[in-house]
Number of protein chains: 2
Amino acid sequence: MGRWEPGARERLERAALELYVERGFEQATVAEITNRAGLTERTFFRHFADKREVLFSGQAEMLEICVNAIVGAPEAVAPLDAVAEALRAVSAPLEERRERSQRRQTVIAANAALQERELLKLASLASAVADALRRRGVTEPTASLCAEAGLAIFKVAYERWIGEPGGRTLADVIQDSLDHLKAATAG
Amino acid sequence: MGRWEPGARERLERAALELYVERGFEQATVAEITNRAGLTERTFFRHFADKREVLFSGQAEMLEICVNAIVGAPEAVAPLDAVAEALRAVSAPLEERRERSQRRQTVIAANAALQERELLKLASLASAVADALRRRGVTEPTASLCAEAGLAIFKVAYERWIGEPGGRTLADVIQDSLDHLKAATAG
DNA sequence: CACTGCGATGTCAGTCACTGTCATCACGTA
DNA sequence: TACGTGATGACAGTGACTGACATCGCAGTG
């Protein structure tokens, strides 16, 4: 445990998201975040590589879910369908925290530096997915293409899901995007 | 023209790429770059928003080429094929400077911050492409999906082209990747 | 040729993200 | 009680980036 109160990392994440929402990412300083969390700047940088990373702690979990879904899919499933299955698996935890996802996404949408970090996280996700596909025997360049295409589907679907009034499920929007992509590439 | 020698921007770009190759992106300071270019730090930041941007000046040109290719494509051409045409149009100027592209890509591959910037540039490219498709009458989510799929094709093809001994043309690799994607989504 | 407006550069001080280093504290264990 | 371990605090330092103002070169104008 920590020196005084436990859960330092979680407190930092909460304080950071709050401040980023209140005053914007650039206007919030790390000193303010750590003050609100009752810690020092140095401790912030022990938990997070930089000021942006504090918004992306869930990434490791998403990556694990994705890879497991692909590795665990039946042999007969086609590469792109295995990727779609992984996306559906990932959508579940996001679905549960729609409110939080929306607040987070609003912050990210307002700042280019945060968009960069999100794109890097998604790219590393695609890289891991391509790896998992290769372990299923899928050859290049099909593995990378399916991974990147899945990423494209997810990006489009996630954006639509966040922006929509709230009727459809994220999994539904993903399926819809997949169908549209298949139709567009059928020509 | 500038205060003394003309071409300040170009001198900064050259000096930066040289230093990034010699000692790596993080180890090179802006002060060193501007010393080599015979300018001051302040001038560097007047020409480029940050230390990374100096490697991405060709982006605006690529974007224009892309959009023009799509807008100029015949009405009958399917969305994804219009995107493929745009990618081929973009590949021409890259083809001519293969050596430079390789050096640049080596620097970028060695540093996460530069990869982030590249991903952001590619994302803005995709966004512009989706815009151009919409102006052709393509509806959502097809426009965004085709743009993102085209981005996926380009990423995979470019990486392969840079890494290959040098036999195939970038345009060839792009066509090959497009075929593979169509095959993978046909299931 | 002198004058003047403008754009690009130089100068300087300042903020803030991020790092290295060492001291300090809480907690478990012998 | 003594000790080891891990997380935190304290502090100095580097470097990216910014704002404000002075300065210089070049064009046009008279």
Side-chain angles (χ1 to χ4, degrees), chain A residues 1-57 107-108 110-118 120-121, chain B residues 1-57 107-108 110-118 120-121:
Chain A
M1 283 303 147
R3 192 134 147 194
W4 283 292
E5 305 294 326
R9 189 185 181 89
E10 288 70 26
R11 260 161 33 209
L12 288 170
E13 287 177 9
R14 251 200 312 276
L17 180 56
E18 282 174 18
L19 273 165
Y20 294 169
V21 168
E22 288 174 20
R23 348 202 331 201
F25 173 76
E26 283 181 348
Q27 279 63 44
T29 67
V30 175
E32 290 170 326
I33 296 171
T34 52
N35 278 342
R36 185 170 292 201
L39 295 164
T40 64
E41 284 192 53
R42 196 66 187 84
T43 299
F44 180 95
F45 289 110
R46 286 203 181 92
H47 283 279
F48 307 101
D50 56 52
K51 194 185 164 190
R52 292 175 279 168
E53 196 67 17
V54 68
L55 282 179
F56 297 89
S57 63
V107 172
I108 293 175
N111 184 274
L114 291 174
Q115 293 166 37
E116 290 186 341
R117 179 56 49 85
E118 179 163 61
L120 186 68
K121 294 295 185 182
Chain B
M1 283 304 144
R3 192 131 147 195
W4 284 292
E5 304 295 326
R9 190 185 180 89
E10 289 68 28
R11 257 159 41 214
L12 287 170
E13 287 176 10
R14 251 200 312 277
L17 180 55
E18 282 174 19
L19 273 164
Y20 294 170
V21 168
E22 288 174 20
R23 347 201 331 199
F25 173 76
E26 284 181 347
Q27 279 64 45
T29 68
V30 175
E32 290 171 327
I33 296 171
T34 52
N35 277 343
R36 185 170 292 201
L39 296 163
T40 64
E41 284 192 53
R42 196 67 186 84
T43 299
F44 179 95
F45 290 108
R46 285 203 182 91
H47 284 279
F48 307 101
D50 57 51
K51 194 185 161 190
R52 292 175 280 167
E53 197 67 17
V54 68
L55 281 179
F56 297 88
S57 63
V107 172
I108 293 175
N111 185 273
L114 291 175
Q115 292 166 37
E116 290 187 340
R117 179 56 49 84
E118 179 163 61
L120 187 69
K121 295 295 185 184

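Everything numeric here is computed off the predicted structure, so don't read it as measured data. First the proteins, then the strands, lettered A, B, ... as listed; each starts at 1. Heavy atoms only: backbone and side chains are in, while hydrogens, waters and symmetry mates are out.
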Do Arg46(B) and dG7(C) share a donor-acceptor pair, side chain to base, under 3.5 Å? no
Please report the closest heavy-atom contact between Ala28(B) and Leu19(B), naming both atoms and the distance. CB-CB, 4.1 Å
Return the minimal non-hydrogen interatomic distance between His47(B) and Ala8(B), and the atom names on each side. NE2-CB, 4.1 Å
So does [X] get a side-chain nitrogen or oxygen closer than 4.0 Å to the phosphate oxygens (OP1/OP2) of [N]?
X	N	result
Thr40(B)	dT11(C)	no
Thr43(A)	dG9(D)	yes
His47(B)	dA8(C)	no

In whole Å, what is the span from the [atom1] atom of [X] to the [atom2] atom of [N]?
X	N	atom1	atom2	value
Glu41(A)	dA7(D)	CD	P	20 Å
Phe44(A)	dA7(D)	CZ	C1'	17 Å
Glu26(B)	dT14(D)	CD	P	18 Å
Arg42(B)	dG7(C)	CZ	P	17 Å
Leu39(B)	dG25(D)	CG	P	15 Å
Gln27(B)	dT14(D)	CD	C1'	13 Å
Glu53(A)	dC18(C)	CD	C1'	14 Å
Phe45(B)	dG10(C)	CZ	P	14 Å

CZ/Arg14(A) to CZ/Arg9(A) distance, rounded to the nearest 0.5 angstrom? 13.5 Å
Starting from the C-alpha separation in whole Å, work towards a yes-or-no answer on salt bridge (Lys or Arg N to Asp or Glu O under 4.0 Å) for Lys51(B) and Glu26(B). CA-CA 10 Å; Lys51(B) 194 185 161 190; Glu26(B) 284 181 347; over 6 Å; no
Considering every strand and a 4.0 Å limit on heavy-atom distances, what is the contact class for Ala113(B): base, sugar-phosphate, or nothing? nothing
